[in-house]
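I have placed the structure first, in the form of structure tokens, so that the comments after it can refer back to it.
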Amino acid sequence: MTRKIRKAVIPAAGLGTRCLPATKSQPKEMLPLINKPAIQYIVEEAIESGIEHILIITGRNKRSIEDHFDHNIELENVLKNRGKWSHYKEVLDIAEMADIHFIRQKEQLGLGHAISCAKVFVGEEPFAVLLGDDIIHHSSKPALKQMIDQYEKYGQSVVGVQEVATENVSKYGIISGQKITNHVFELNDLVEKPDPEDTPSNMAIVGRYIIHPEVFDILEDTKPGRGGEIQLTDALKNLCRAQGLQACQLEGKRFDIGDVWGYIQATLSLAIEDEDLERKLQYFCRENFMNEKMFSNNR
Ligand code: UTP
């Protein structure tokens, strides 16, 4: 089997209940982080990692994702006629960013079910998965590229992991296995949302995967698990038993923007990357927070 990862799947069909009512009629993946929708950061990470073809799994109320990556001729003409060349180029670049395909998951039956909708697109090659609501902010190498480098060396399916506090393990899929280099783990099992007392490790699966195509046969036989949903973790446990599975400890700061606090953290972290916004934010915080007049218990 080829070791080149050319295709990526971005599941973005979830209901986004943790961000309601913002996500009642718009996808959480389109929530802006500074001036870009969250999903654009994910697509850019895939492209920077060498991905050539992208499939975005969408659902009802997700039309704006397709529109975002399409041409908007009216807007392009207005920007051109008004000589707003930098905005014109920016808008044009998004429409021509990559070879992006879309498919609808007709019922929200879980992440495993969403991935199974990609079977025809993927075919017989290993592929990447990037969750549409997990932003991993990196300084040198994109998170997916770190995993692709590992895959090219070892040839085994990979889950991206990061260390979490023991009290938070029950929110994640947790790996069980041996560390073989300073960022590579050989796994013997995955445990979905363990109790902190029983957790096999503190290494949590974050939203990046490289998976062999045999997972599609496994998904067909995977019964609904926790919450009545078809869980990707359940299928990966079987893949681990059948052909082995590794984890890659990812560098970079990860934000779950499907959670209100994660969304706020992502916005602030990206703001301080921009010199002008950082200066304004510092001034704003000094003015409003230092004397605590914005905190509700002082109102
Ligand atoms: P989440 O576990 O965050 O679920 O999905 P959710 O429904 O999106 O959000 P909450 O928990 O109700 O707030 C993890 C990823 O899997 C996708 C989501 O879009 C997200 O990228 N997903 C989940 C699907 O594509 N389809 C599904 O049926 C479920």
Side-chain angles (χ1 to χ4, degrees), residues 8-31 33 37-46 54-66 68-69 100-122 127-136 143-144 159-162 164 168-174 190 192-193 204-211 215-216 219-220 222-236 254-266:
V9 177
I10 303 179
L15 294 174
T17 52
R18 286 169 296 154
C19 283
L20 280 169
T23 48
K24 187 181 167 212
S25 64
Q26 63 164 345
K28 62 179 166 182
E29 296 80 7
M30 284 301 289
L31 294 175
L33 293 172
I39 197 161
Q40 190 176 328
Y41 291 91
I42 310 272
V43 168
E44 285 172 355
E45 180 188 325
I54 294 172
L55 177 71
I56 301 181
I57 317 271
T58 67
R60 269 182 294 284
N61 292 335
K62 306 271 181 172
R63 273 296 291 273
S64 58
I65 299 181
E66 293 179 42
H68 183 70
F69 292 104
I100 303 181
H101 304 251
F102 297 90
I103 192 167
R104 273 193 180 202
Q105 182 190 16
K106 294 195 178 113
E107 270 185 284
Q108 274 58 53
L109 297 177
L111 177 58
H113 179 260
I115 298 298
S116 65
C117 299
K119 183 175 178 174
V120 174
F121 167 81
V122 167
F127 64 103
V129 174
L130 302 94
L131 295 195
D133 54 1
D134 260 332
I135 302 286
I136 304 180
L144 183 62
V159 292
V161 294
Q162 285 194 330
V164 295
N168 288 331
V169 292
S170 55
K171 298 180 186 157
Y172 296 90
I174 300 291
L190 304 174
E192 186 63 22
K193 303 188 168 74
I205 303 176
V206 294
R208 301 290 181 274
Y209 309 80
I210 290 176
I211 314 179
V215 76
F216 293 112
L219 278 168
E220 267 169 33
T222 303
K223 303 269 172 297
R226 187 181 275 260
E229 296 190 335
I230 297 176
Q231 301 287 351
L232 181 61
T233 307
D234 289 341
L236 291 177
R254 174 239 176 203
F255 304 100
D256 175 5
I257 61 104
D259 167 82
V260 173
W261 176 229
Y263 177 77
I264 293 170
Q265 287 175 297

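Each ligand, and each atom within it, is numbered from 1 in the order the structure gives. All values reported here derive from a predicted model rather than from experimental measurement. Index from 1, following the sequence.
In this structure, Arg208 does not pair ionically with Asp134, as no charged nitrogen and carboxylate oxygen lie closer than 4.0 Å.
Of the protein's heavy atoms, none falls inside 4.0 Å of atom 2 (O) of ligand 1.
Of all the heavy atoms of His113, none lies under 4.0 Å from any atom of ligand 1, so neither backbone nor side chain is involved.
Of the polar atoms of Ala13, at least one N or O is found under 3.5 Å from an N or O of ligand 1, judged by distance alone. At least one N or O atom of Leu15 sits closer than 3.5 Å to an N or O atom of ligand 1. The shortest N or O to N or O distance between Cys19 and ligand 1 is not under 3.5 Å. Not a single N or O atom of Gly258, backbone or side chain, sits closer than 3.5 Å to an N or O atom of ligand 1. Between Leu131 and ligand 1, not a single N/O pair is under 3.5 Å apart. Residue Arg18 has at least one nitrogen or oxygen atom sitting less than 3.5 Å from a nitrogen or oxygen atom of ligand 1, judged on distance alone. Looking at Thr17 next to ligand 1, an N or O pair under 3.5 Å apart turns up.
Arg18 and Val260 make their closest contact through O-CG2, 3.9 Å (heavy atoms, listed as atom of the first residue, atom of the second, distance). Across every non-hydrogen atom of Ile57 and Ala114, the tightest pair is CD1-O, 3.4 Å.
Side-chain atoms of Asp133 do not come within 3.5 Å of backbone N or O of Gly258 as any donor-acceptor pair.
Side-chain atoms of His68 and Gln40 form a donor-acceptor pair, as typed in the model, at a separation below 3.5 Å.
A 4.5 Å side-chain heavy-atom check between Phe69 and Ile39 finds at least one atom pair inside the cut-off.
If you look at Phe216 and Phe127, their ring centroids are closer than 6.0 Å.
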